[in-house]
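First comes the structure, then the notes that go with it.
The shown structure was predicted, so the numbers you read here are calculated from the model rather than taken from an experiment. Lettering of chains follows the sequences in order, A, B, ..., and the numbering in each one begins at 1.
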There are 2 protein chains.
Amino acid sequence: MISQKAKYALRALVALAKQPPGKPTFIGEIAETQSIPKKFLEQILLDLKHHGLVASRRGKAGGYGLLRPADTISFGEVLRIVDGPIAPLPCLSKIAYRRCEDCKEEASCEIRRVFAQVADATRGVLDRTTIADALEARLPARLRDAVA
Amino acid sequence: MISQKAKYALRALVALAKQPPGKPTFIGEIAETQSIPKKFLEQILLDLKHHGLVASRRGKAGGYGLLRPADTISFGEVLRIVDGPIAPLPCLSKIAYRRCEDCKEEASCEIRRVFAQVADATRGVLDRTTIADALEARLPARLRDAVA
DNA sequence: TGAAACTATATTGTCCCTGTAGAGTAAGTA
DNA sequence: TACTTACTCTACAGGGACAATATAGTTTCA
């Protein structure tokens with residue numbers, strides 16, 4: 001299960017992607033249309049800003065906007081920022097590898113071998129799907145094929 | 001990330017699958033060889049017993065053993081027992097469907113559409129891989145192909 | 001009869017998730 | 001310049017899940 005926070009982050013990014021670029025959108029507007037607690041959303045967007053996904057302008061005509069084109073922001077990138085590692089086991093994470101305390105030998109670990117397949121399959125979808133993809137009613141062919 | 005408990009459960013089942021069938025294995029023996037806290041393992045095995053995966057015999061010559069052949073116990077089944085739903089979103093779970101509170105219309109939810117692909121990919125691996133598969137050094141062809 | 005092992009429930013401490021609070025800062029507007 | 005609006009940032013609190021431990025009891029076999 002992904003966290004509520006990650007879901008909010010993705011929904012906010014999708015909402016921003018729908019706006020005309022260049023014109024900032026109020027936090028309050030996103031919060032209302034997406035049913036996200038406003039103060040919580042502030043934290044989330046601030047976090048995304050620190051990671052260079054969105055930009056903000058203060059003041060009366062302020063708000064948030066995408067900093068990069070929607071087709072360069074993958075679901076995987078967002079999830080890693082908000083929820084941390086995607087891998088199902090710490091010893092399979094690329095961004096935060098950690099050895100399993102209670103595992104004698106990684107190479108011969110049966111559990112690890114199976115979950116490595118899961119991790120590949122998951123990353124195959126998340127790292128190749130962008131916010132722009134999500135907006136399209138039909139999924140791009142490269143993703144439909146990968147899953148079928 | 002799967003829970004520590006799920007990892008223990010899978011490792012215990014793999015260990016049991018390695019033993020000659022019919023002869024029970026001590027909890028203490030599994031706990032020691034797998035570096036699992038013994039009392040915690042007791043809870044886990046008890047849980048698996050309630051779900052019909054393993055059987056136990058009490059007394060001095062007691063212990064645990066697989067109740068079903070190892071090639072009929074899938075990783076997915078074990079994870080659902082121990083960790084609950086596998087789906088990344090509650091609205092995508094087959095065993096515990098729950099509507100997302102903050103989602104206007106499920107059919108048009110962009111997030112849901114993407115994570116449905118993730119769920120399919122994940123289940124593709126977990127529901128088709130069994131404890132018996134995990135014991136084999138090379139993964140069965142049907143799984144290798146699915147991921148490549 | 002006693003040891004070894006399983007059964008079951010209760011409890012504990014820690015950590016994270018979710019959300020709230022409030023003071024502060026910046027930018028446009030009259 | 002004063003005012004309003006909105007973003008920035010830090011702190012924190014309640015609840016629940018996770019991981020493990022504690023304790024008491026039961027069964028079986030030697």
Would you jot down, in residue-number order, the residues of residues 44-61 of chain B having a non-hydrogen atom under 4.0 Å from DNA chain D? B:Arg58, B:Gly59, B:Lys60
Please confirm whether the backbone N or O of B:Pro90 pairs with a side-chain atom of B:Ser93, one donor and one acceptor, at under 3.5 Å? no
With the threshold set at 4.0 Å, does a side-chain nitrogen-carboxylate oxygen contact exist between A:Lys39 and A:Glu42? yes
Distance check needed: C:dA5 C1' versus B:Leu41 CG, whole Å only. 13 Å
In whole Å, what is the span from the CD atom of A:Glu29 to the C1' atom of D:dA6? 13 Å
Could a donor-acceptor pair under 3.5 angstrom be found where the side chain of A:Gln43 meets the base of C:dT20? yes
A:Ile36 CD1 to C:dG19 C1': how many Å, rounded? 13 Å
Ion pair A:Asp133/A:Arg128, N-O distance below 4.0 Å: no
When the nearest nucleotide of DNA chain C is assigned to A:Gln4 and to A:Glu42 on a heavy-atom basis, which residue is associated with the more 5' position? A:Gln4
Atom CD of A:Glu101 to atom P of D:dA20: distance rounded to whole Å? 10 Å
Does A:Tyr8 put a side-chain nitrogen or oxygen below 4.0 Å from OP1 or OP2 of C:dC17? no
Between A:Lys39 (NZ) and D:dC12 (P), how many Å, whole number? 16 Å
Let me know the distance between CZ of B:Phe40 and P of C:dT12, rounded to the nearest Å. 18 Å
I'd like to check the ring pair (Phe, Tyr, Trp, His ring centres under 6.0 Å) partners of B:Tyr8; sequence neighbours left out, ordered by chain and number. B:Phe40
note: B:Ile27, atom CD1; C:dA3, atom P; distance rounded to Å ~ 20 Å
Contact class for A:Gly28 vs. all strands (heavy atom < 4.0 Å): base, sugar-phosphate, or nothing? nothing
Check this for me, if you would: do A:Lys94 and A:Asp127 make a salt bridge, where the nitrogen-to-carboxylate-oxygen distance has to be below 4.0 angstrom? no
Examine the side chains of A:Thr130 and A:Asp71 and answer whether a donor and an acceptor come within less than 3.5 Å of each other. no
Less than 4.0 Å between a side-chain N and a carboxylate O, is that true for B:Glu106 and B:Arg99? no
Are any of the side-chain nitrogens in B:Glu77 or B:Arg68 under 4.0 Å away from the carboxylate oxygens of its partner? yes
State whether A:Lys38 and A:Glu29 are salt-bridged, where the test is any N-O pair (Lys NZ or Arg NE/NH1/NH2 against Asp/Glu carboxylate O) under 4.0 Å. no
Residues of residues 88-100 of chain A with any non-hydrogen atom less than 4.0 angstrom from an atom of DNA chain D: list those, numerically ordered, please. none
B:Ile30 CD1 to C:dC6 C1', in whole Å, measures 12 Å
